[in-house]
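The structure appears below as structure tokens.
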Amino acid sequence: MASTITEKILAHASHQNEVAAGDFAIADVNYVMAHDSTAPLAIEAFYSITDKVFNKDKVIIVFDHFFPAPTVAGATLHQKSRKFVADQQLSGFFTNGVCHQLLVEKFVSPGDVVVGADSHTCTEGALGAFTTGLGSTDIGGSMATGKCWFKVPESLKFNLTGQTRKGVYAKDVILSIIGDVGADGALYKACEFTGDYVDNATVSSRLTLCNMAIEMGGKNGIIEADQKTLDFLGGRTGKIFRSDKEASYKDEYEIEVGELEPQVALPASVDNVKPVSAVEGRKIDQAFLGTCTNGRLEDIEVATKILKGKKIARNVRLIVSPASEDIYFAALEEGYLEALVKAGATVCNASCGPCIGRHEGVLCEGETCVSSMNRNFTGRMGDPKADIILASPATVAASALTGKIADPRDYM
Amino acid sequence: MRAWKFGDDINTDIITPGRYTVTTDKKRLSEIAFIEYRPEFVKQVKEGDVIVAGNNFGCGSSREHSPVAIKAAGVGAVVAKSFARIFFRNAINIGLPLFVCEDTEKIDDGDAVEIDFKTGEIRDKTKGLVLKVKPLPPFMQKIVDRGGLVEFLRSDGYDNV
Ligand code: SF4
């Protein structure tokens, strides 16, 4: 029977010859991840099942959502997770980047099954792996057993062709897709991205595409590994799976990206997508560049090109949080961070930063932030009466420069 | 039991805003359910009340705080046209009953409703309506019957499926 890449990986991980959409599979997992916000509940679930993790090198804890701790409550949660890391002698404990970026840089290989207690674990699928976000109890169960149950998802194919115009990026492509299919358009489904646009895209851009699969309800985002993936992985090889030509998809979307304009998602749902021209000139108070969606080197580079040698608008805060320490150092070496700080940016440690409104730049009532992140839900960055507009790093930078939502093509 | 009616795409930031989820304490979580979106909810919700919603209930983050908060607030079940995937798993894993029902628009906020877990029926006593819900797949039902994933793994485990 012809299978999709997702079906093949789940069959392999559950020791079956094949599985089809709708089947239940109990799969071995290669890595289990939880972060500072979700680990405490997972640890509670874990200890009510057993007292020893299935493999101390495959359970990974990352402090990224509120690190360093901004409150006593946060510090107390950190203490609890630190004790778990020490008691279980885990080798993978990090405080220097967003969990998904660290998994991508250090762990995930093609063909892996990876579960994380964070919805954006779909990001890592850009390396040709099956990676998905789960809740804390599921993660506690996987820490204990090294396994997880899955209902094999139906797949959607997004065949992306052509080349984006100058000033238009993977973020604009995925926002436009989400605007078309809606916030529940891919509910429970595997989102497979193919086509020459994807082939030509950098690994960083592919990660941006897969990162937002969850914003249309998807179970996982996935892109077949190619030479570019292997080059990115350095020594990690994994097992490369590809979808059969005759594999069956619930729906196939043909998307030509050549005509696309820069896109924005307006408050307060990710599928409220419009071309940037629809809100050009709207005043902003804050601009945020970072996150597992768009906090990578190429994102910081794009923003730097727009801002270098200039000053951001008065009364606008520009906050930059590189997605990992490696990216932070690379951006430092390239001179990007210096240029951004000189332009008026505040550079934070490599973490989620203000993405969930707990520290490093929360919004008050009536403010608007343009952000390179993936969610614009009410209250996400602070006060529920603050607005979040999602956009590409280029649009974020151009808007910071002018103090208003701006079309980046006018500033490149 | 009172029906608490919600619309489509009720996300986890609406259910339990991220700024309030720096705790795993069930009682504290129960006090923040819908705190900004519907502040009257936690004040008035009674043991066994039912949340009735549209499509994609629980979308957004993977935070388990959301179903835990709903359950701890006393809600007996959530009925929706469809659920976001992670929320659905999480609710089953912690033993919050969920039902998929295509006709939730027929139920209004404040209606008196009753769910018969055995026959898979929701009765709207205010309107005199009986609506059907979809049964869970057997594997998931088994987890729910055990009271959640933790109990399932302790009693059955993956090796005995
Ligand atoms: S950067 Fe934002 S979206 Fe990504 S893992 Fe952190 S909080 Fe979640």
Side-chain angles (χ1 to χ4, degrees), chain A residues 22 24 26 37-38 40-42 44-46 48-50 65-66 71 73-74 76-77 80 116-121 132-141 144-145 147-149 151 153 182-184 187-189 214-215 217-219 268-269 271 356-358 362 375 377-380 382 384, chain B residues 8-14 16-26 28-29 35-37 54-68 81-95 137-140 142-143 148-154 157-159 161:
Chain A
F24 276 84
I26 295 166
S37 192
T38 53
L41 273 177
E44 278 176 29
F46 165 79
S48 33
I49 300 164
T50 182
H65 277 56
F66 43 90
T71 58
T76 310
L77 289 183
K80 185 170 175 177
D118 187 276
S119 59
H120 293 103
T121 309
T132 190
L134 301 172
S136 294
T137 301
D138 261 321
I139 291 299
T145 61
K147 295 175 197 290
C148 190
W149 67 270
K151 190 169 174 205
D184 61 354
L187 211 53
Y188 303 105
K189 303 201 174 56
I214 181 73
E215 307 315 330
K219 180 169 194 144
S269 72
D271 58 1
I356 39 158
R358 285 188 196 162
V362 295
R375 280 194 183 133
F377 297 160
T378 302
R380 172 107 179 163
Chain B
D8 292 335
D9 299 322
I10 296 297
N11 63 57
T12 51
D13 278 277
I14 289 178
T16 47
R19 297 186 312 295
Y20 294 87
T21 53
V22 194
T23 178
T24 62
D25 182 71
K26 294 201 169 66
R28 297 242 322 267
L29 285 173
I35 180 108
E36 281 160 356
Y37 190 74
N55 277 309
N56 204 20
F57 187 87
C59 61
S61 87
S62 69
R63 68 183 72 128
E64 205 158 286
H65 307 79
S66 297
V68 169
K81 281 185 200 262
S82 66
F83 290 92
R85 184 189 70 84
I86 301 178
F87 181 90
F88 192 78
R89 279 186 84 111
N90 287 348
I92 285 177
N93 284 340
I94 62 139
F139 181 76
M140 286 176 158
K142 196 164 173 182
I143 297 177
L149 184 74
V150 166
E151 292 73 18
F152 168 80
L153 287 178
R154 288 173 58 140
Y158 286 133
D159 298 333
V161 175

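Per chain, numbering begins at 1; letters A, B, ... match sequence-line order.
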Any sub-3.5 Å donor-acceptor pair from [X]'s side-chain atoms to [Y]'s backbone N or O?
{"X": "B:Arg154", "Y": "A:Ser48", "answer": "yes"}
{"X": "B:Asn90", "Y": "A:Gly135", "answer": "yes"}
{"X": "A:Arg358", "Y": "B:Gly18", "answer": "yes"}
{"X": "B:Arg85", "Y": "A:Ile214", "answer": "no"}

Original post:
Aromatic rings A:Phe24 and B:Phe139: how do their planes relate, parallel, tilted or perpendicular, breaks at 30° and 60°?
Top reply: tilted
To the nearest 0.5 Å, what is the distance between [atom1] on [X] and [atom2] on [Y]?
{"X": "B:Ser62", "Y": "A:Ile139", "atom1": "OG", "atom2": "CD1", "answer": "8.0 Å"}
{"X": "B:Arg89", "Y": "A:Lys151", "atom1": "CZ", "atom2": "NZ", "answer": "11.5 Å"}
{"X": "B:Leu149", "Y": "A:Thr137", "atom1": "CG", "atom2": "OG1", "answer": "7.0 Å"}
{"X": "A:Ser119", "Y": "B:Arg63", "atom1": "OG", "atom2": "CZ", "answer": "8.5 Å"}
{"X": "A:Asp184", "Y": "B:Lys81", "atom1": "CG", "atom2": "NZ", "answer": "11.5 Å"}
{"X": "A:Lys147", "Y": "B:Asp159", "atom1": "NZ", "atom2": "CG", "answer": "6.0 Å"}

**OP:** Report the C-alpha separation of A:Arg375 and B:Ser61 in whole Å, then their side-chain angles, then the decisive distance to 0.1 Å, and conclude whether the side chain to side chain donor-acceptor pair (under 3.5 Å) test is met.
**Re:** CA-CA 9 Å; A:Arg375 280 194 183 133; B:Ser61 87; 5.0 Å; no
**OP:** Please determine, among B:Pro17, B:Pro137, B:Gly60, B:Gly148, the option with the most heavy-atom pairs under 4.5 Å with chain A.
**Re:**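 Most pairs with chain A among the choices: B:Gly60.
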Subject >> Heavy-atom pairs under 4.5 Å with chain A, option from B:Met140, B:Glu64, B:His65, B:Glu151 with the top count >> reply: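 The residue among B:Met140, B:Glu64, B:His65, B:Glu151 with the greatest pair count is B:Glu64.
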Residue [X] versus chain A: region with a heavy atom under 4.5 Å:
{"X": "B:Pro67", "result": "neither"}
{"X": "B:Asn93", "result": "both"}
{"X": "B:Ile14", "result": "neither"}

What heavy-atom pair brings [X] and [Y] nearest, and what distance separates the two atoms?
{"X": "B:Phe83", "Y": "A:Leu187", "result": "O-CD2, 3.6 Å"}
{"X": "A:Ile356", "Y": "B:Arg19", "result": "O-CG, 4.4 Å"}
{"X": "B:Asp9", "Y": "A:Ala183", "result": "OD1-CB, 4.2 Å"}

Given a strict heavy-atom distance threshold of 4.5 Å, which part of [X] is in contact with chain B: side chain, backbone, both, or neither?
{"X": "A:Leu77", "result": "side chain"}
{"X": "A:Thr378", "result": "backbone"}
{"X": "A:Leu41", "result": "both"}
{"X": "A:Glu215", "result": "neither"}

Original post:
In terms of heavy-atom pairs under 4.5 Å with chain B, which of A:Phe66, A:Tyr188, A:Phe46 leads?
Top reply: A:Tyr188
**OP:** Output all residues satisfying side chain to side chain donor-acceptor pair (under 3.5 Å) with B:Asn55, sequence neighbours left out; order by chain, then residue number.
**Re:** B:Ser82
**OP:** Compare all side-chain heavy atoms of A:Glu44 with those of B:Val150 and state whether any distance is below 4.5 angstrom.
**Re:**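 The answer is no; the side chains never approach within 4.5 Å.
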